[in-house]
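Okay, so here's the structure we're looking at.
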Amino acid sequence: MKLILAIINHDDAHIVIQHLTQAGFSVTKLATTGGFLMVGNVTVLVGVDDDKVDGAMEIIGRHSNSRRQVVPAASELGLGLYAPMPIEVTVGGATAFVLHVDQYHKF
Ligand code: 2BA
């Protein structure tokens, strides 16, 4: 079994979760915040059998879009650092990690 941990743009999260759920995956949604932009994103946890990983990743990738985002000058970037001038970054689609699950219990 594997645990997919995918960080998704807030604007795409609803549609990604909807398609995963329709395809029969169990999903847990966490409200998270990116450390660089310090804006909200969504992390989804999906526990899947090994042979279902590709199917779940395909859904996540298909519905996650990358976006150019401007960080205004003087925005705090964390750790007390501030952008000296506006900078543009490409955020997402999704950043996904696939972790091996040692044990899985349901009580
Ligand atoms: P943030 O940390 O807010 O990062 C937003 C975007 O800012 C990133 O998009 C990237 O384009 C840029 N960025 C991040 N750190 C940077 C840095 N030190 N210098 C210059 N530019 C930087 P993505 O790479 O698509 O990441 C989107 C979100 O996914 C991140 O939001 C973070 O919440 C998460 N993420 C991405 N990679 C991660 C990783 N290796 N571990 C944990 N979380 C990650």
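Starting from 1, each residue takes its place in the sequence as its number. The figures that follow rest on heavy atoms only: side chains count, while hydrogens, waters and symmetry mates do not.
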Any residue meeting side chain to side chain contact (heavy atoms under 4.5 Å, CB included) with Asn65, in chain and number order, not counting sequence neighbours: Asp12, Arg67
Non-hydrogen side-chain atoms of Phe36 and Val89 separated by less than 4.5 Å: yes
All side chain to side chain contact (heavy atoms under 4.5 Å, CB included) counterparts of Val70, not counting sequence neighbours: Pro86, Glu88
Within-4.5 Å side-chain heavy-atom neighbours: Leu37 and Val91: yes
Residues that Thr21 engages under side chain to side chain contact (heavy atoms under 4.5 Å, CB included), provided they are two or more places apart: Ile17, Val27
Residue pairs, two or more places apart or on separate chains, that pass ring pair (Phe, Tyr, Trp, His ring centres under 6.0 Å) and touch residues 84-107: His105-Phe107
Reported NE2-to-CD1 distance for the pair His19 and Ile60, which is rounded to 0.5 angstrom: 13.0 Å
Donor-acceptor pair, side chain of Asp49 and main chain of Asp51, under 3.5 angstrom: no
Contact list for residues 54-64, test side-chain hydrogen bond (donor to acceptor under 3.5 Å, both in side chains), sequence neighbours left out: Glu58-Arg62
Student check: side-chain heavy atoms of Met1 and Val48 closer than 4.5 Å: no
Candidate pair Asn41 and Asn9, rule side chain to side chain contact (heavy atoms under 4.5 Å, CB included), full reasoning: CA-CA 5 Å; Asn41 50 32; Asn9 191 294; over 6 Å; no
Side chains of His14 and Val42 in contact at under 4.5 Å (non-hydrogen atoms): no
Evaluation steps, side chain to side chain contact (heavy atoms under 4.5 Å, CB included), between Val53 and Val98: CA-CA 8 Å; Val53 170; Val98 180; 4.3 Å; yes
All side chain to side chain contact (heavy atoms under 4.5 Å, CB included) counterparts of Thr28, not counting sequence neighbours: Leu30, Leu45
Lys52, NZ atom: more than 12 neighbouring heavy atoms under 6.0 Å: no
From CD1 (Ile15) to CG (Leu20), nearest 0.5 Å: 11.0 Å
Leu5 side, atom CG; Thr95 side, atom OG1 - distance, nearest 0.5 Å: 10.5 Å
Minimum heavy-atom distance between Ala56 and Ile4, given as atom pair plus value: CB-CD1, 3.6 Å
Any Ile8 side-chain heavy atom under 4.5 Å of Thr43 side chain: no
Side-chain heavy atoms of Val46 within contact of Leu3, under 4.5 Å: no
